[in-house]
Colleague: 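Please see the structure below; I have some questions.
Worth saying up front: this structure is predicted, and the values here are computed from it rather than measured. Numbers here simply count residues along the sequence, with the first being 1. Read the numbers this way: they start at 1 and go in the same order the structure lists the ligands and their atoms.
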Amino acid sequence: MAESRNILRMSQASVVTRFAPSPTGELHLGNARTALFNYLLARRHGGRFVLRVEDTDAARSSEQHIASLVADLQWLGLHWETGPGAANPDHAWRQALRGNVYGPCYERLIASGAAYPCYCTATELDLSRRAQLAAGRPPRYAGTCRKLDEAGRAQRVAAGRKAALRFAVPAGQVIEFDDAVHGPQRLISDEIGDFIIRREDGSSAFFFCNAIDDAEMGITHLLRGEDHLSNTPRQLLLLSVLGLRAPSYGHVSLLTGDDGAPLSKRHGATTVRELREAGYGANAICNLLFRLGHSTPDTGLLTLPQMAAGFDIAHLQRASAHLDPVQLRHWQRAWLHSLDAAQARDWLLQWLPPQIEEDSLDNLLAAIRPNVLLASDVREWYAILRGDALSFDAEAAEAIRSAGTRFFAAAAAAAVSPERALDAAALRSATGTKGAAFFRPLRAALTGQLHGPEIDLLLRALGAERIRARLAACAEALPSAPQ
Ligand code: GLU
Ligand code: ZN
């Protein structure tokens, strides 16, 4: 017995972190960063990472959002020891199934007088709130039901009123904690109104189950959004009344758009799913998030283990972090660059039609790869290299017109055999031009634009037939300028 208690103490001494999303929407970058930081903190210290789903708000939570959260986090590579699918029963990670944990805590609070039923209706609460605001006081629960005696309660029950459960905040207590990001915090309990810990419908309220679970799951450290900093004193009070151990908290700055406003739709793609579908790599996203609100001397692309080794709570910054699309593209470029041939092929193939019957697939991919950053770029180059109808941009149309039809007739005539068609030097000497006077119109005729793959890669990706056909088309009629 004594021995097993020792083991318990030892395992509690190691770091346990968690990410505790509410499954009410898609995982956006702000939450993904919180997940990453907690994951890295656990890995850094050889600890455990817990994924806890906070789904007590049944009306707003959904199975579909749980599934997409799980898929997004797994795709990012943030694997957990406790959480969905990790050989744990569902009640180990899912709050809606943890009534057995919460029930006894409610009973203890009620029995000791630390919690009481509140029968106030939404209208009554609203009236009281307005009255306080009008009197220039901060609105908080007026304590109406705290004063009720047994008879008063019985009367309300008899009138068919439903009760929520409120925590009776003890008076005159000083609540102090050291936030890992914001430093020492101090609050007097008198500034906190009695708050709801169980809703009228019997479901557990956030302040309560979030804190109880942190203690019950042995969470030692947690990082969460700054919007929760003001909730922490309430949660500490609750835990201390229950004699439960509180984790150490760190509240990370909010993630904003590049204009400083909270991330929203108008900042473009901000959910993990949107970015994945746009072609961003998980590692590119993690490298970006690692540097948002966390300073690091490492400027190169890092793997998750390297990030874990370099993750430091002391390097979390208080100022809000801006999501910069340029930075996102920077990491995407660095990530694509880091891929070996097989990985790059897999990534490219995801964005191409499933059955490309091609003996020249490798040539196609070799031409596309250096010119793309995202899925849309891959699709665009595929359409250029394999499509039937080219569209010419203004610069390209101009380059073709100034070369004149004879240039293309000569080049098309030189492309008689596959060997000659793929030989840039042979085409060039047939046209009697050199340098830009050769490459610009050639590239324009073959792709409809002046930028793109190296000529040799381009010729191989197109193949002799397409080269001949595209050159011949320009020999017949110069493209008209785009409207
Ligand atoms: N479910 C809460 C949220 O998503 C968790 C907050 C926390 O990490 O404690 O905001
Ligand atoms: Zn009340």
Colleague: In terms of heavy-atom contacts, does CZ of Arg98 have more than 12 from other residues, nucleotides or ligands at under 6.0 Å?
Modeller: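 Result for CZ/Arg98: enclosed.
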Colleague: For atom 5 (C) of ligand 1, what's the nearest protein heavy-atom neighbour? Residue, atom name and distance, please.
Modeller: Ala20 O, 3.1 Å
Colleague: Applying the salt bridge (charged side-chain N to carboxylate O under 4.0 Å, His left out) criterion to Asp214, which one of Arg52, Arg245, Arg224 satisfies it?
Modeller: Arg52
Colleague: Tell me: protein heavy atom nearest atom 6 (C) of ligand 1, and distance?
Modeller: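 Here the closest protein heavy atom is His228 NE2, 3.3 Å.
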Colleague: Rounding to 10°, state the angle centred on the Zn ion (ligand 2) that links SG in Cys120 with SG in Cys118.
Modeller: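 So the angle at the metal works out to 110°.
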Colleague: Within less than 2.8 Å of the Zn ion (ligand 2), any N, O or S from Tyr119?
Modeller: no
Colleague: Please list, in number order, the atoms of ligand 1 under 4.0 Å from a heavy atom of Phe206.
Modeller: 2 (C), 5 (C), 6 (C)
Colleague: Under the 3.5 angstrom rule, does the side chain of Arg33 hit a backbone N or O of Leu292 as a donor-acceptor pair?
Modeller: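 Side chain of Arg33 to backbone of Leu292, a donor-acceptor pair under 3.5 Å: yes, one is there.
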Colleague: Quick check on contacts: which atoms of ligand 1 are under 4.0 angstrom from a heavy atom of Ser22?
Modeller: 1 (N), 2 (C), 3 (C), 4 (O)
Colleague: Checking a contact table here: which protein heavy atom is nearest atom 8 (O) of ligand 1, and how many Å away?
Modeller: Arg18 NH1, 2.6 Å
Colleague: Answer yes or no for Arg234 and Phe167: cation-pi contact, defined as NZ/CZ to six-membered ring centre under 6.0 Å and angle to ring axis within 45°.
Modeller: no
Colleague: Check the side chains of Arg44 and Thr17 for a donor-acceptor pair under 3.5 angstrom, ignoring hydrogens and angles.
Modeller: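 Their side chains do not contain a donor-acceptor pair, so the 3.5 Å distance test is not met.
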Colleague: For Arg224, counting its heavy atoms only, list the atoms of ligand 1 lying under 4.0 Å from any of them.
Modeller: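 Every atom of ligand 1 under 4.0 Å from some heavy atom of Arg224: 7 (C), 8 (O), 9 (O).
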Colleague: Using heavy atoms and a threshold below 4.0 Å, how should the contact between Asn210 and ligand 1 be classified: side chain, backbone, both, or neither?
Modeller: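 For Asn210, only side-chain atoms sit under 4.0 Å from ligand 1.
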Colleague: For the side chain of Glu226 and the backbone of Ser320, is there at least one donor-acceptor N/O pair under 3.5 Å apart?
Modeller: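 Answer holds: no.
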Colleague: Checking contacts here: is it the side chain or the backbone of His251 that comes within 4.0 Å of ligand 1, counting heavy atoms only? Could be both or neither.
Modeller: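 The answer is neither; His251 stays 4.0 Å or more away.
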Colleague: What's the shortest distance from atom 1 (N) of ligand 1 to any protein heavy atom, and which residue and atom give it?
Modeller: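 Answer for atom 1 (N) of ligand 1: Glu54 OE1, 2.7 Å.
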Colleague: Classify the ring geometry of Phe290 against Phe311: parallel below 30°, tilted from 30° to 60°, perpendicular beyond 60°.
Modeller: tilted
Colleague: Answer yes or no on whether Arg198 is positioned over the face of Tyr102, meaning its NZ or CZ is under 6.0 Å from the six-membered ring centre and within 45° of the axis.
Modeller: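 Judged by the rule, Arg198 and Tyr102 form no cation-pi pair.
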